[in-house]
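So the structure is just underneath, and the comments pick up after that.
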Amino acid sequence: MTSEWPSLPPIKTGLRGLCPQCGQGHLFDGFLTVKPKCEVCGLDYSFADPADGPAFFVICFTCVPAVAVACWIEVAYSPSMWVHLFTSLPLVLLACLLPLRPLKGWLINSQFFFKAEEGKIDRDYARRTAPEPQIEHD
């Protein structure tokens, strides 16, 4: 069934929260809840497991700079707490919440595009690639 659909780039469909297969259906039901399946093509989203990936990327790339700005404001100006309440708190909250959904969509779409699945140990690989023992004949 997947051969009927064109291969869509994950960055284009994922950031907009669209189905990785058809690019028309919606991926999310609510803010971060993934729908059970696509309403257009019927793709089952049970494969989708971005785990803590979106939260990790948000912490590393947006929250750390936002907290650094809040610390800089404190050190440079020593404002009262209400200034932080109206500047630093919204900055940190927006830096945390805004990128979560696009990043989660991108990771789910990337899983589908690259056919990612749980890693498995191929125990027969070592047996297949090991050279055969040489037996000496006298």
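Cluster membership for Phe31 and Leu107, using ILVMFWY side-chain heavy atoms within less than 4.5 angstrom, is shared. Transitive grouping of hydrophobic side chains (ILVMFWY, heavy atoms separated by less than 4.5 Å) brings Leu103 and Leu100 into a common cluster. No single ILVMFWY cluster, assembled from side-chain heavy atoms under 4.5 Å apart, contains both Leu97 and Val64. Residues Trp82 and Val92 do not share a hydrophobic cluster, clusters being chains of Ile/Leu/Val/Met/Phe/Trp/Tyr side chains in contact below 4.5 Å.
Between Leu43 and Phe112 there is a side-chain heavy-atom pair separated by less than 4.5 Å. Contact check for Phe113 versus Pro20: no side-chain heavy atoms found under the 4.5 Å cut-off. No side-chain heavy atom of Phe86 sits under 4.5 Å from any side-chain heavy atom of Pro90. Using a 4.5 Å heavy-atom cutoff, the side chains of Cys71 and Val67 are in contact. Ser80 is listed as a side-chain neighbour of Val83, based on a closest heavy-atom distance under 4.5 Å. Residues Leu8 and Leu18 fail the side-chain proximity criterion, which asks for heavy atoms closer than 4.5 Å.
The one candidate from Asp29, Val34, Ile108 that meets the side chain to side chain contact (heavy atoms under 4.5 Å, CB included) condition with Tyr45 is Val34.
Judged as a salt bridge (Lys or Arg N to Asp or Glu O under 4.0 Å), and not counting sequence neighbours, the contacts of Lys35 are Glu39.
Summarising the geometry, atom OG1 belonging to Thr13 is positioned 11.0 Å from atom CD belonging to Gln21; distances are rounded to the nearest 0.5 Å. Rounding to the nearest 0.5 angstrom, the gap separating the CD atom in Glu4 from the SG atom in Cys22 is 11.5 Å. Here Thr87 contributes atom OG1 and Glu74 contributes atom CD; the two are 10.0 Å apart, rounded to the nearest 0.5 Å. Here the NE2-OH distance, from His84 to Tyr77, works out to 12.0 Å after rounding to the nearest 0.5 Å. To the nearest 0.5 Å, atoms CG (Asp44) and SG (Cys38) are separated by 11.0 Å.
Within the 3.5 Å criterion, the main-chain N or O of Ala95 finds a donor-acceptor partner in the side chain of Thr62. In terms of modelled atom types and a separation under 3.5 Å, the side chain of Gln24 and the main chain of Val40 share no donor-acceptor contact. Formation of a donor-acceptor pair under 3.5 Å by the Lys104 side chain with backbone atoms of Leu32 is found in this model.
Listed here is the closest heavy atom pair of Leu98 and Pro102: O-CD, 3.3 Å. Residues Arg101 and Gly30 come closest through the heavy atom pair NH1-O, 2.7 Å. Taking both residues in full, the closest heavy atoms of Ser88 and Ile73 are given as OG-CD1, 4.3 Å, listed atom of the first, atom of the second, then distance. Gly42 approaches Lys37 most closely through the heavy-atom pair O-CB, 4.2 Å.
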Side-chain donor-acceptor pairs of residues 51-61 under 3.5 Å, sequence neighbours excluded:
none

